[in-house]
Every structure is written in C-alpha cells, then in structure tokens.
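What follows is a short report on a single structure.
Start at 1 with the first residue, then count along the sequence.
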Amino acid sequence: MKKILIVEDERNFARFMELELIHQGYAVTVVGSGQEGLETATRDTWDAILLDAMLPGLHGFEVCRGIRRAGFATPVIMLTARDSVMDRVSGLDSGADDYLPKPFAIEELLARIRAVIRRSKRGTGAAQAALAYRDLQIDPVAGTISKAGLVLELTKREYELLLVLMNHRDRVLSRDMLLDLVWGYDCEVETNVVDVYVRYLRNKIDDPTQRSYIQTVRGIGYVIRS
C-alpha cells in the first residue's frame, strides 16, 4: 500500500482529499502545519507528499526546501490557490515535482500522484556513469555537479535540466521536449518556464569570458554541443 502525506491546514479540504485517497487504496496521513509537515516528511518514508503552499508557521516552499536539504527525494506536489508563472516557478524551484492550482478535479490530482510516483520509480533504476563536459562533472549517483572541482549549488530542477541536456548532447531539444523530460508530460507549466531555468543555470555555470555551455537554437530550443 502506497503512503501519501497531506500537509494542508484547511481541515475540510484535507479531509476530502484523505477520503478520496483512502478510497483509491492509499495509506494517508494528514498534518496541518508547515513545521509538523517537515518533521513528518523527514521522519518516515512516503511515496508522495501533497503540500499546500500557504501554511501557518512555516511556508510550504520552505517545507519543500527543508525536505530536499534533508536529502529526501520524495515526490512533492505543491497545492496552491496562486497560479501565476512566477508562483509556479517558485514552487518548482523549491524542489517540488509538480504544481497543481486550486480548485482542481480529484481525478486530476489522482493522475498527477500516479505520474510523480511512476517517475520516481523510474529514477531508481541502474545508476548512470559520471558525465563530463569541458570543466563540468556530473555524478548521477551522488546527485552533484561540480565545475573545475568545486561543487555547484543547484536546485533539484536545475540539476535535472542540466542532466537531461548532458545526456542528449549534440541533440537539439525543444522546450516541449524538455518539459516532458524534466517536468513530466502531464505537468501543466508553460514552456517559458524552461527559458527561466536555462537562465538560472547559465547564471550558475557560465563564465562570461567563455561560450555558454547551453546553446540557444532560435525558434526551437536548447542544446549542449560537444
């Protein structure tokens, strides 16, 4: 039985999700504050976490960052009434795997839970070999990226985006393809989110005196060329 943690302070809404998930065969735990959510998320193992962005005490984005800092890769779906592009970017940048604006149909939530769990299981397969490009080194086992021997501080999403581009070196990937490979085909974020994250990456890995690691192919997408 798969275990789902719900971190939601609206009791009626949390109870509604709990009952629906139990009906679908999930084991469900509900907590109502950010601090309790962080403690519960890092005290046990979960198949997925449903995390409200607006929580009392500790903000949902802070909870997600705390889960990632503690070394947990548990799939997190951020739930929020705010739906601007930058709100979605903030949620994903904090380490969330998906972002679902309220109100939503329970069928969509169930589909997204299945999707993030499925993607998480795919990530537990055979370990990849280390990748190198110029002075960048990616260690997929440790989940780290270093430049000239110094480990870079990247968010989970930035790391995944760079890993995909490195694994598809010399192949131009469209924004839609990157959304599919990094965010998942059923994650409803706009393609300009890809541009935002490429900009984040360039700010962290590029040397202004050298050619950018990630090349823009105008009108199509991005590529790392050998």
Side-chain angles (χ1 to χ4, degrees), residues 1-22 24 26-84 86-104 106 109-110 112-121 123-124 142-145 151-161 182-184 187 189 193 197 200 204:
M1 183 179 291
K2 291 182 171 58
K3 295 167 55 182
I4 306 293
L5 172 64
I6 297 175
V7 187
E8 170 64 66
D9 64 318
E10 295 181 27
R11 292 186 179 182
N12 291 338
F13 185 58
R15 182 58 175 165
F16 165 70
M17 289 192 292
E18 180 185 18
L19 292 174
E20 290 289 345
L21 290 172
I22 290 173
Q24 294 295 321
Y26 294 104
V28 183
T29 297
V30 179
V31 297
S33 71
Q35 187 60 46
E36 189 179 5
L38 179 57
E39 293 171 358
T40 307
T42 55
R43 190 173 55 236
D44 202 348
T45 56
W46 306 92
D47 290 284
I49 298 172
L50 306 181
L51 177 60
D52 184 37
M54 305 299 292
L55 291 166
L58 197 61
H59 199 281
F61 296 158
E62 296 172 330
V63 173
C64 193
R65 283 191 285 268
I67 292 170
R68 300 306 183 219
R69 281 196 300 267
F72 289 84
T74 312
V76 174
I77 300 176
M78 192 76 71
L79 309 176
T80 178
R82 302 191 304 186
D83 192 28
S84 71
M86 289 314 300
D87 286 331
R88 293 188 183 199
V89 169
S90 297
L92 296 170
D93 201 28
S94 70
D97 296 86
D98 203 349
Y99 187 103
L100 186 58
K102 301 175 183 177
F104 51 78
I106 191 64
L109 175 63
L110 294 172
R112 287 173 182 260
I113 291 172
R114 293 192 295 268
V116 296
I117 291 176
R118 187 167 60 245
R119 292 199 298 270
S120 175
K121 298 306 179 185
T124 59
T144 59
I145 294 177
V151 176
L152 301 177
E153 293 294 327
L154 301 184
T155 66
K156 178 176 182 287
R157 198 67 65 179
E158 291 165 352
Y159 168 83
E160 291 172 346
L161 177 58
V182 179
W183 281 264
C187 182
V189 295
V193 169
Y197 274 85
Y200 289 167
K204 292 183 178 182

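Atom CZ of R114 and atom CG of L109 lie 9.5 Å apart (nearest 0.5 Å). Taken to the nearest 0.5 Å, the CZ atom of F72 stands 10.5 Å off from the CZ atom of R43. For the atom pair L51 CG and I6 CD1, the distance stands at 11.5 Å (nearest 0.5 Å). Put simply, CD on E153 and OH on Y159 are 14.0 Å apart, with the number rounded to the nearest 0.5 Å. Interatomic distance, R68 CZ to R157 CZ, rounded to the nearest 0.5 Å: 8.5 Å. Note: E36 CD to D9 CG = 11.5 Å, rounded to the nearest 0.5 Å.
Proximity of a side-chain donor or acceptor of D47 to a complementary backbone N or O of K3 within less than 3.5 Å is detected. Proximity of a side-chain donor or acceptor of E8 to a complementary backbone N or O of E10 within less than 3.5 Å is detected.
Ring geometry for Y197 against Y200 counts as perpendicular: the plane angle is over 60°, on a 0 to 90° scale with 30° as the lower cut.
Taking every heavy atom of both residues into account, G34 and V63 meet most closely at O-CG2, 3.4 Å. Scanning both residues, A48 and I117, for their nearest heavy atoms gives CB-CG1, 4.2 Å. Residues R112 and Y99 come closest through the heavy atom pair NH1-O, 3.7 Å. In terms of heavy atoms, K204 sits closest to L154 at CD-CD2, 3.5 Å. Here the closest heavy-atom approach between residue C64 and residue M78 is recorded as CB-CE, 4.2 Å. Between T40 and W46, the shortest heavy-atom contact is O-NE1, 3.1 Å.
Taking the six-membered ring for Trp and the full ring otherwise, the centers of F104 and F13 sit less than 6.0 Å from each other.
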Stepwise side chain to side chain contact (heavy atoms under 4.5 Å, CB included) test for V7 and D52
CA-CA 6 Å; V7 187; D52 184 37; 5.9 Å; no
Assess the residue pair K102 and M54 against the criterion (side chain to side chain contact (heavy atoms under 4.5 Å, CB included)); give the C-alpha distance rounded to whole Å, side-chain angles, the decisive distance to 0.1 Å, and a yes or no.
CA-CA 12 Å; K102 301 175 183 177; M54 305 299 292; over 6 Å; no
Please step through side chain to side chain contact (heavy atoms under 4.5 Å, CB included) for the pair T29 and D44, ending with a clear verdict.
CA-CA 11 Å; T29 297; D44 202 348; over 6 Å; no
R65 vs E62, salt bridge (Lys or Arg N to Asp or Glu O under 4.0 Å): CA-CA, chis, key distance, verdict
CA-CA 5 Å; R65 283 191 285 268; E62 296 172 330; 5.1 Å; no
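Only one option out of T74, V116, I49 pairs with D97 in a side-chain contact (heavy atoms from CB on, under 4.5 Å); it is V116. Exactly one of L110, L79, I22 qualifies for a side-chain contact (heavy atoms from CB on, under 4.5 Å) with M17. That residue is L79.
Side-chain contact check for Q35 and E39: at least one donor-acceptor pair (N or O, by modelled atom type) lies under 3.5 Å.
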